[in-house]
Structure formats: C-alpha cells, structure tokens
Protein chains: 2
Amino acid sequence: MDKRQLLLDAALKLFVEYGFHGTPTSLIAKEAGVANGTLFHYFKTKDELIVALYVDIKSRMGKYVFENAKGQPTFKETVKEQYLASLYWALDNQLQFRFTEQFKNSPYLARIAPQEIEASLKPFHDMLHKGIKDKIIKPHPVDMLFTLISNQTFGINQYLISNNFSKAKQHQVITDSFEMLWAMIT
Amino acid sequence: MDKRQLLLDAALKLFVEYGFHGTPTSLIAKEAGVANGTLFHYFKTKDELIVALYVDIKSRMGKYVFENAKGQPTFKETVKEQYLASLYWALDNQLQFRFTEQFKNSPYLARIAPQEIEASLKPFHDMLHKGIKDKIIKPHPVDMLFTLISNQTFGINQYLISNNFSKAKQHQVITDSFEMLWAMIT
DNA sequence: CTTACGACTGACTAAACAGTCGGCAAATAT
DNA sequence: ATATTTGCCGACTGTTTAGTCAGTCGTAAG
C-alpha cells in the first residue's frame with residue numbers, strides 16, 4: 001500500500017467535491033486512512049500536494065493520448081486518434097478531468113512554470129506545424145489552433161457528461177464532432 | 001457611495017487573485033474600505049456573497065450581448081454580433097470573465113438552480129433552433145452546438161489575453177475565428 | 001543481540017477564520 | 001421634540017485550520 005498514492009487519490013476525490021480550500025488536510029488524511037502527519041511527511045505543504053496532484057494527472061493523460069495516437073498512417077488519422085483518446089480518457093477519468101479544469105481556472109496555475117507548460121505542449125504544436133507546412137491545415141497561428149482544439153475537446157466532454165448517452169451514441173457524438181473540428185481547421 | 005457595490009468590486013478583484021477561500025472576508029471589507037460587519041450586513045454569509053457576485057456578473061454580460069446583437073438583418077450577422085459582443089465584453093471585463101470561469105469550475109456552481117441556468121440559455125437555444133429549421137445550420141443537437149460555440153468563445157478569449165495584440169489584430173483574430181466557427185456549424 | 005534508520009503516528013498549537021453583537025450617529029416617522 | 005428605524009461599525013469569539021514534533025515500531029545491517 002503506497003500511502004502517497006492513497007493520499008493523492010483521497011485528495012482528488014475530495015477536491016473535486018469540496019474544492020481546494022473546502023477540503024481540510026485532516027479530512028484528506030482520514031479519507032486516505034493515514035495519520036495526519038503522514039500527509040506532511042510526503043508533501044511539505046498543502047499547496048505542494050495540490051500542485052503534485054496536477055502534475056501527476058497531466059503526465060498520465062499526456063502519456064495515454066500519445067501512446068494511443070502513434071503509428072497512424074495519415075495526418076488526419078493521427079489528429080483524430082489524439083482527439084478520440086483525449087475524450088475517452090476524460091470519460092474514463094472524470095474526477096481527474098474535473099480536477100484539472102478546476103486547477104486551470106484557479107490561481108494555483110501560476111505555480112506551474114510557463115516553460116513546463118510550453119514543453120508539454122510542444123509535441124502538439126510541432127504536429128500542427130507539420131499539418132500547415134503540408135498544406136492540410138489552414139495557416140492559422142498554431143497556439144490559436146491548439147486552443148481551439150482543446151476547448152472543443154473540453155466542450156464535447158461537458159456535453160457527453162451532462163447527457164447520459166449509450167456507448168454507441170457517445171462514439172457517434174465524438175466522431176461527428178471531430179468532423180466538425182476538421183471542417184473548421186482545414 | 002454604494003457600499004454593497006464596493007464590496008462586490010473588492011471581492012471580485014481579490015477572488016480572481018487569491019481564489020474564493022484564499023480571500024478572507026476581513027480582507028474584502030478592508031479593500032472595499034468598509035467595516036468587517038458591513039459585509040455581513042449585506043450578505044448573510046461569504047457563500048451568499050460569492051453567488052450574488054456570479055449572478056450579478058452573468059446578468060450584466062447577458063444584457064450586454066443581447067443589446068448589441070439585436071436588430072441584425074440576417075441570421076449569420078445576428079450570430080456573429082453575439083460572438084463579437086461576447087468577446088469584446090470579455091476583453092473589457094477580464095476580471096469578471098475570469099471570475100465566472102473560476103466559479104463555473106468550482107463546487108459553487110451547484111448552488112445555482114438548473115432551471116435558472118436553462119432559462120438564461122433559452123434565447124440562444126431558440127435562435128439555434130431557428131437556424132436549423134431554416135436549414136442554415138447543420139442539424140446537430142442545439143445544446144451541443146451551444147457548448148461548442150461558448151467553448152470556442154472561451155478559447156479565443158484565452159488566446160487573445162495571453163498574446164498582447166493591437167486592437168486591429170484582435171479584431172482580425174475575432175472575425176477570422178468567427179468564420180472558422182461558421183464553417184464548423186454550417 | 002544491538003544499534004540505527006526512516007516511515008509513520010496523533011496529540012498538540014499558534015494563527016486565521018467566518019460570523020456575532022452591542023452600540024452609535026444620522027435619517028425618518030410620529 | 002421625541003421615538004424609531006436604518007446603515008454601519010469594529011472589537012470580539014468559538015471554531016477550524018495547516019503544520020509541528022516528540023516519540024513508536026518494524027526492519028535490516030553490523
């Protein structure tokens with residue numbers, strides 16, 4: 001039993017339910033089934049725990065999306081697989097997804113170094129650049145394109161969560177919305 | 001001097017900077033230049049202040065967008081004016097915009113009655129319905145379309161804020177991105 | 001067997017917090 | 001002129017909080 005992981009799991013669940021500051025460290029420790037002091041053994045402060053949780057989740061998600069999308073024959077299929085993988089990950093990890101959205105819209109985001117954010121975005125930016133160079137995608141600024149794509153992903157996820165669709169219907173919404181996205185950027 | 005308004009203004013500024021729970025009521029009162037107790041004279045609890053601030057901002061924004069977009073000759077121009085008005089409002093009221101985003105991704109959103117949300121969305125849904133009936137917009141579910149449009153608005157706003165463009169360039173990004181949006185939904 | 005180590009504990013504390021309350025001064029009603 | 005209400009004040013309090021610390025206990029090396 002990895003108590004550090006138990007603490008991260010408990011914190012995730014409680015943060016999503018009550019918010020960062022609505023969740024006392026004592027409650028996190030209790031939910032994780034460890035002593036109060038153990039939390040501060042693994043994380044020097046509560047803020048460090050929050051940031052560590054975000055970094056942990058982001059790296060897992062990024063890994064998942066890239067693993068799933070590599071080795072596609074065409075450019076369009078690569079982009080499509082990334083889009084699908086993002087959405088399926090978000091559907092299977094709703095707590096994680098909601099946490100990152102909460103984090104991104106909070107003052108805590110400032111704790112993540114801009115260069116770190118940039119580095120995690122680089123693979124996507126490079127890919128979009130290639131698409132423009134090969135004249136598949138319209139020549140818009142890549143960070144604008146990336147913002148549009150990730151916000152569409154977020155929007156469709158919201159839509160899927162608030163409606164309780166079957167697996168088949170979910171898949172249809174996802175592929176339909178990808179075609180809309182593709183129509184927008186090409 | 002409307003002390004209630006002073007409190008709302010101070011709260012807005014501090015919430016965006018430090019988050020809801022990172023901002024003590026004592027600090028809000030101090031920033032507003034009123035006594036501690038005055039805050040609780042106008043708002044029974046801190047939570048009530050937070051929710052009141054959200055409702056206040058939302059109604060102002062909705063009013064602004066609709067005032068600006070009425071009386072357009074064509075359907076496309078009506079949609080376009082709403083899109084432009086949303087973005088210009090967000091640019092001119094960045095604190096307000098960031099606050100609403102923080103609020104929407106927090107557990108406080110649950111305090112707003114679903115019917116209240118639905119009512120505020122109705123005009124937009126009706127408009128989209130009309131667009132579909134007149135075969136201008138592709139027949140997708142209206143709430144999906146609405147989600148895509150509002151997330152695109154949010155995304156472009158993010159993009160505009162993080163890059164420091166001139167007024168002219170800003171306008172170009174906004175109109176360009178509207179054409180992309182229009183290509184997606186028609 | 002003895003010693004050392006580090007993960008882990010939970011009672012504890014100092015500070016911070018949301019919310020209270022008795023009262024005051026000015027406006028309004030009688 | 002007097003009474004009543006209203007808007008506002010700020011010192012105060014009971015509670016909650018993040019974070020501390022002295023010490024326990026299992027393990028493993030000497």
Side-chain angles (χ1 to χ4, degrees), chain A residues 1-57 95 99-100 102-103 105-112, chain B residues 1-57 95 99-100 102-103 105-112:
Chain A
M1 278 225 228
D2 183 355
K3 306 215 170 187
R4 197 187 118 99
Q5 195 57 50
L6 286 174
L7 282 163
L8 286 174
D9 292 346
L12 172 63
K13 181 185 157 190
L14 295 169
F15 284 155
V16 169
E17 190 166 356
Y18 305 113
F20 300 135
H21 292 272
T23 308
T25 52
S26 55
L27 190 63
I28 298 171
K30 198 178 164 191
E31 172 83 21
V34 304
N36 209 305
T38 307
L39 190 152
F40 292 97
H41 176 70
Y42 285 110
F43 309 97
K44 255 177 71 179
T45 62
K46 186 184 180 180
D47 286 7
E48 198 178 299
L49 164 64
I50 294 172
V51 173
L53 184 54
Y54 179 75
V55 171
D56 183 61
I57 291 174
L95 281 182
F99 172 80
T100 60
Q102 203 173 314
F103 187 94
N105 288 288
S106 81
Y108 284 101
L109 183 61
R111 305 245 178 156
I112 309 286
Chain B
M1 276 220 238
D2 182 356
K3 307 219 170 188
R4 197 188 119 99
Q5 195 56 49
L6 286 174
L7 281 163
L8 286 174
D9 291 347
L12 172 63
K13 180 185 158 191
L14 294 169
F15 284 155
V16 169
E17 189 165 357
Y18 304 115
F20 302 136
H21 293 271
T23 308
T25 52
S26 55
L27 190 62
I28 298 172
K30 199 178 163 191
E31 173 82 22
V34 304
N36 208 306
T38 307
L39 191 152
F40 292 97
H41 175 70
Y42 287 107
F43 308 96
K44 253 177 74 179
T45 63
K46 188 185 179 180
D47 286 7
E48 197 177 297
L49 164 64
I50 294 172
V51 173
L53 185 54
Y54 179 76
V55 171
D56 183 60
I57 290 174
L95 282 182
F99 172 80
T100 60
Q102 202 173 313
F103 187 94
N105 288 288
S106 81
Y108 284 100
L109 183 61
R111 306 244 175 155
I112 309 286

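All chains are named by letter (A, B, ...) in the order of the sequence lines, taking the proteins before the strands, and each is independently numbered beginning at 1.
The number of heavy atoms from other shown groups lying within 6.0 Å of OH (Y18(A)) does not exceed 12.
The side chain of T38(A) has dT9(C) as its nearest neighbour among dC9(D), dT20(C), dT9(C). Residue P24(A) places its side chain closer to dA18(D) than to any other of dG10(D), dA18(D), dA18(C). Between dC9(D), dG7(D), dA18(C), one nucleotide has an atom nearer to the side chain of H41(B) than all others, and that is dG7(D). Each of dA18(C), dA18(D), dG19(C) was ranked by its minimum atom distance to the side chain of T25(A); first place goes to dA18(D). Of the listed nucleotides (dG19(C), dA18(D), dC9(D)), dG19(C) has the atom at the smallest distance from the side chain of N36(B).
Ring planes of F99(A) and F20(A): perpendicular class, angle over 60° (limits at 30 and 60°). Taking the six-membered ring where the residue is Trp, F103(A) and Y54(A) present parallel rings, their angle staying beneath 30° rather than reaching 60°. Between H21(B) and H21(A), the angle of the ring planes stays under 30°, which puts this pair in the parallel group of the 30/60° scheme.
For K44(B) and dA18(C), the shortest distance from a side-chain N or O to OP1 or OP2 is not below 4.0 Å.
L7(A) has its CG atom 13 Å from the C1' atom of dT9(C), to the nearest Å. The interatomic distance linking D47(A) (CG) with dT17(D) (C1') rounds to 13 Å, in whole Å. In this structure, E48(A) places its CD atom 10 Å from P of dG19(D), rounding to the nearest Å. Between the CG atom of L39(A) and the P atom of dC21(D) there is a distance of 17 Å, rounded to whole Å. To the nearest angstrom, C1' of dG19(C) lies 13 Å from CD1 of I28(B). Going from atom CZ of F40(B) over to atom P of dC12(D) covers 18 Å, rounded to whole Å. Nucleotide dA18(C) holds its P atom 4 Å from the NZ atom of K46(B), rounded to whole Å. Following rounding to the nearest Å, F43(A) (CZ) and dA7(C) (P) show an atom-to-atom distance of 13 Å.
I50(B) CD1 to L8(B) CG: the interatomic distance, rounded to the nearest 0.5 Å, is 11.5 Å.
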